Number of protein chains: 2
Amino acid sequence: MRVVQPKSVADQVEEILRGKIRDGTYPAGSRIPSESELSEGFGVSRATVRTVLAKLAVNGMILRKQGDGTYVNPRIRVASANFGSLWDFVTLIESNGYKPAIDALSIELRAASEKEAGALAIEPQENLLSMTRLFRADEQPVILAKNVIPASFLCVPLGDIDGHLPIRDILYKYCRQEIAFAITDIRSMLTGPELKSALGDTLGDTVLELQLAFYSRDNLPLALGVNYFNDATLRLCLAQAWS
Amino acid sequence: MRVVQPKSVADQVEEILRGKIRDGTYPAGSRIPSESELSEGFGVSRATVRTVLAKLAVNGMILRKQGDGTYVNPRIRVASANFGSLWDFVTLIESNGYKPAIDALSIELRAASEKEAGALAIEPQENLLSMTRLFRADEQPVILAKNVIPASFLCVPLGDIDGHLPIRDILYKYCRQEIAFAITDIRSMLTGPELKSALGDTLGDTVLELQLAFYSRDNLPLALGVNYFNDATLRLCLAQAWS
DNA sequence: AAGTGGTCTAGACCACGAC
DNA sequence: TCGTGGTCTAGACCACTTA
């Protein structure tokens, strides 16, 4: 069970613990080993174990009780779990119990609008990589996603881009840029005719609109996104824990 | 500047740093002192400083760059900042630049429906404390909030309840219960006539519906909430940072 | 009283960025 | 090369729960 080198020790411990919770080695609601037992078992210090447990606790995956122990949160297994999923639709679809798929409807270059240029801190009319993609849950379309990235970031030809990758991977693989933080606006809106045709007949009268902006560690705008979310089919479900 | 006893050392350091960012001692975009400087200045260990900085970083308030330094994130000041605000409408209204107010429309006891009983793990027909409240931004109604709490939790008479408190404080003051985690479902819905009358004429055709469930550290359901959110007036804006 | 998580310390070494 | 943040250790003491 002892941990070896490749990634950080803490990441490995986290991965192992997440796995044991996922596969039922630590069943829902059960008490997991104490910090001292884990640190001894993994051959790492208690401080390292603690940073990992703290990370799992803010997502609500575990519940910690002073003087008692640490328990697997049984309710979180049915929820979409952590906040990261807001920007990871594949995981979100999976946690809703569906098989995810991504269709790349269009990948093209076009000039930036005034508004896009302002948000991306570039000149209007500068070129953008513009992608329109459709996320499916068990084949049924559930999210229409439109993303734009300044074409100046691109370091591969347009044809090399794999439209099935999440935006985070596209920025990393084709632009060598890493997302440090994101700001999301959530709105509700009426379903228009073009959405009806894209998202299909199960669509209700309203959809959720998620407007995203991604930034690098240097505070540089990397990409924008507008996502239309069929909340009649897919639950947008967040969990948060305190202290 | 040295820190004294009352709360935990880490909490005090966090409060001081948040204050310096808020009041401009550390201006937006500027580099704040290094971990060693802070730890020496506060008279605490570097590990303590690091746990605080890690907490501020996940909310995107600061950006950390290895080999360089820690910077105040200038973009987060205009966003509603952290995830906590999803469940703290007063802070959310303030960060949108309005003056918040809460009207208690009704506070009463009633029997639980089948569905409520199931979600709260109580028997149907058991008594609930049911509150309907209206949040205003600069006097304009923006959120209609309905909350229910099992009456068995109450340890004060109904008349003693101050309807202007946030749900977290109501649970703590009147029920001696602390919220450990919450699960939120976000949906969009058409504006009905009763919402129109409650939320007023600026209301659009759609609203956001936030369904909340609050749980204790013992995984006991504490309260439910349904909130109708006028997203034409108020931005529901979340920020998240990675690693 | 024993065991748990909560807090904190003092120090070590590494990876990275700027100079 | 130097200073920064990133990682990790070994140990201490406290507060709390449980029995």
Side-chain angles (χ1 to χ4, degrees), chain A residues 2-17 26 30-58 61-73 176 178 180 216-220 241-243, chain B residues 2-17 26 30-58 61-73 176 178 180 216-220 241-243:
Chain A
R2 191 166 226 289
V3 155
V4 282
Q5 314 280 348
K7 291 196 296 180
S8 90
V9 177
D11 285 353
Q12 294 176 64
V13 171
E14 181 177 346
E15 214 37 63
I16 293 174
L17 290 181
Y26 300 151
S30 68
R31 197 170 91 163
I32 74 175
S34 73
E35 298 181 350
S36 327
E37 287 168 337
L38 289 173
S39 83
E40 198 171 339
F42 288 126
V44 302
S45 80
R46 193 179 147 216
T48 303
V49 170
R50 276 187 61 76
T51 65
V52 172
L53 294 181
K55 220 167 155 184
L56 296 179
V58 298
M61 289 194 63
I62 57 175
L63 297 170
R64 321 202 65 198
K65 292 195 259 186
Q66 186 170 359
D68 183 354
T70 300
Y71 295 81
V72 178
N73 188 342
R176 295 279 145 217
E178 261 186 293
S216 75
R217 201 156 295 276
D218 298 309
N219 206 18
L220 198 66
W242 277 268
S243 96
Chain B
R2 191 166 227 289
V3 155
V4 282
Q5 316 279 348
K7 290 196 296 181
S8 89
V9 177
D11 286 352
Q12 294 176 65
V13 170
E14 181 177 346
E15 214 37 63
I16 293 173
L17 291 181
Y26 300 151
S30 68
R31 196 169 91 165
I32 74 176
S34 74
E35 297 181 350
S36 327
E37 287 168 337
L38 289 173
S39 84
E40 198 172 339
F42 288 126
V44 302
S45 81
R46 195 181 144 215
T48 303
V49 170
R50 276 186 61 76
T51 65
V52 173
L53 294 181
K55 218 166 157 186
L56 297 179
V58 298
M61 288 194 64
I62 56 175
L63 297 170
R64 321 202 63 195
K65 293 195 259 187
Q66 188 171 358
D68 184 353
T70 300
Y71 295 81
V72 178
N73 188 341
R176 295 279 144 215
E178 261 186 293
S216 75
R217 200 158 296 277
D218 298 309
N219 206 18
L220 198 66
W242 278 269
S243 93

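In what follows, chains carry the letters A, B, and so on, assigned in the order in which the sequence lines appear, proteins first and then strands, with residues in each chain numbered from 1. This one's a predicted model, so the numbers in the text were calculated from it and none came from an experiment. What you see below is based on every heavy atom in this structure, not just the backbone, and it leaves out hydrogens, waters and symmetry mates.
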Of all heavy-atom pairs between A/Ser216 and A/Ala180, which one has the smallest distance, and what is that distance?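 Nearest pair, atom of A/Ser216 first, then A/Ala180: C-CB, 3.5 Å.
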Closest heavy-atom pair and its distance - A/Phe42, A/Val13: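 Scanning both residues completely, I find the closest heavy atoms to be CE1-CG1, 3.8 Å.
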Just to be sure I understand the rule, does B/Ser36 reach a base, reach only the sugar-phosphate, or reach nothing, if contact means heavy atoms closer than 4.0 Å?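 It contacts nothing in the nucleic acid.
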Does B/Thr51 reach a base, just sugar-phosphate, or nothing at all? Heavy atoms under 4.0 Å.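 Result for B/Thr51 = nothing.
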Taking for each residue the nucleotide of DNA chain C with the nearest heavy atom, is it A/Ala47 or A/Leu53 whose nucleotide lies nearer the 5' end?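 Its nearest nucleotide lies further toward 5', so the answer is A/Leu53.
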Rounded interatomic separation in angstrom, taking [atom1] from [X] and [atom2] from [N]:
X       : N      : atom1 : atom2 : value
A/Arg46 : C/dG5  : CZ    : P     : 8 Å
A/Glu37 : C/dA2  : CD    : C1'   : 14 Å
A/Asp11 : C/dC14 : CG    : P     : 19 Å
A/Ile32 : C/dG3  : CD1   : P     : 19 Å
A/Gln66 : C/dC8  : CD    : P     : 12 Å
A/Asp68 : C/dA2  : CG    : P     : 19 Å
A/Leu63 : C/dG5  : CG    : C1'   : 13 Å
A/Arg50 : C/dC8  : CZ    : P     : 10 Å

Does the side chain to side chain contact (heavy atoms under 4.5 Å, CB included) test come out yes or no for A/Met61 and A/Asn73, once each step is laid out? CA-CA 5 Å; A/Met61 289 194 63; A/Asn73 188 342; 5.8 Å; no
With nearest nucleotides of DNA chain D determined for A/Thr48 and A/Lys65 from heavy-atom distances, which residue corresponds to the more 5′ nucleotide?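 Result: A/Thr48.
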Hey, which of A/Leu38, A/Leu17, A/Val9 is the one that makes side-chain contact (heavy atoms from CB on, under 4.5 Å) with A/Val49?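 Looking at A/Leu38, A/Leu17, A/Val9, the match for A/Val49 under the side-chain contact (heavy atoms from CB on, under 4.5 Å) is A/Leu38.
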Under a 4.0 Å threshold between the charged nitrogen and the carboxylate oxygen, would A/Glu35 count as salt-bridged to A/Arg50?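 Salt bridge: yes.
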Whether B/Ser34 contacts D/dT4 is assessed here as follows: a side-chain N or O lying under 4.0 Å from the phosphate OP1 or OP2. Is that the case?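 For B/Ser34, the contact criterion (side-chain N or O under 4.0 Å from OP1 or OP2 of D/dT4) is met.
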Looking at B/Ser8, I'd like to know whether one of its side-chain N or O atoms comes within less than 4.0 Å of OP1 or OP2 on C/dG6.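 For C/dG6, neither OP1 nor OP2 has a side-chain N or O of B/Ser8 closer than 4.0 Å.
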Which nucleotide in the list C/dA10, D/dG6, C/dG6 gets nearest to the side chain of B/Arg64?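 The nucleotide sitting nearest to the side chain is D/dG6.
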